[in-house]
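Everything on this sheet refers to the single structure shown next.
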Amino acid sequence: EDFYLKAVKSSKENRFVHEEGIASELSGDFYHRRGNIAKSYSFYRNAMECYGTWGANAVTQRLKEDVLEKFDSRQIIAQPIEKYISAVGYGEEPISTTRKRAE
């Protein structure tokens, strides 16, 4: 999960709008498969905005049709994705070099 969020956050911070769109769409897929509808919808909406900004109108239209099909006409409010990506860091967890001795 963190890898999806890190990809969105990194591409957003570095202003790679096309990569942010792709990462957001994949995040939307990830959360949709896990049943997190609100989070999924938020990432799909962000992807559509990114694709539109990038000028990928056919991709935006395709995603819009996919999203409408997945969510029907349910009333879902998209949250800003910053709510989800703000707490994600980039660093790796340090690998412990200590080993337990066999007792």
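Being a predicted model, the structure only gives us computed values, none of them experimental.
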Self-check item: Shared hydrophobic cluster for Val8 and Phe16 (ILVMFWY, side-chain gaps under 4.5 Å)
Solution: no

Exercise. Specify whether Tyr51 and Trp54 have parallel, tilted or perpendicular ring planes, treating 30° as the upper limit for parallel and 60° as the lower limit for perpendicular.
Key: tilted

Quiz item: If you measure from the Lys or Arg side-chain nitrogens to the Asp or Glu carboxylate oxygens, is any gap between Glu82 and Lys12 under 4.0 Å?
Solution: yes

Self-check item: Smallest separation among heavy atoms of Gly21 and Ala47, with atom names
Solution: O-CB, 3.4 Å

Quiz prompt | CZ (Arg33) with more than 12 external heavy atoms under 6.0 Å | solution = yes

Exercise. Nearest 0.5 Å please: distance from the OG atom of Ser24 over to the CD1 atom of Ile85.
Key: 8.0 Å

Exercise. Could you tell me whether Lys64 and Glu69 make a salt bridge, using a distance below 4.0 angstrom between a side-chain N and a carboxylate O?
Key: no

Quiz item: Do we see a donor-acceptor contact under 3.5 Å between the side chains of Tyr84 and Gln79?
Solution: no

Quiz item: Does the ring centre of Phe71 sit less than 6.0 Å away from the ring centre of His32?
Solution: yes

Exercise. State, with a plain yes or no, whether a side-chain heavy atom of Glu25 is found less than 4.5 Å away from one of Phe43.
Key: no

Practice problem: Using the side-chain hydrogen bond (donor to acceptor under 3.5 Å, both in side chains) rule, take Tyr44 and Lys70 through it: C-alpha gap first, then chi angles, then the decisive distance, then the call. | Solution: CA-CA 11 Å; Tyr44 283 134; Lys70 287 180 181 178; 2.6 Å; yes

Quiz item: What's the spacing between Glu20 CD and Ser27 OG if we round to 0.5 Å?
Solution: 10.0 Å

Self-check item: Nearest-0.5 Å distance that lies between atom CG in Asp29 and atom OG in Ser40
Solution: 7.0 Å

Quiz prompt | Spatial distance of atom CE (Met48) from atom OG1 (Thr60) [nearest 0.5 Å] | solution = 8.5 Å

Quiz prompt | Verdict with supporting geometry, Arg62 and Val59, side-chain contact (heavy atoms from CB on, under 4.5 Å) | solution = CA-CA 5 Å; Arg62 186 240 340 132; Val59 178; 3.6 Å; yes

Quiz item: Taking atom CG of Asn36 and atom OG of Ser42, what is their separation to the nearest 0.5 Å?
Solution: 8.5 Å

Quiz item: In Å, rounded to the nearest 0.5 Å, how long is the span from CG of Leu5 to OG of Ser10?
Solution: 12.5 Å

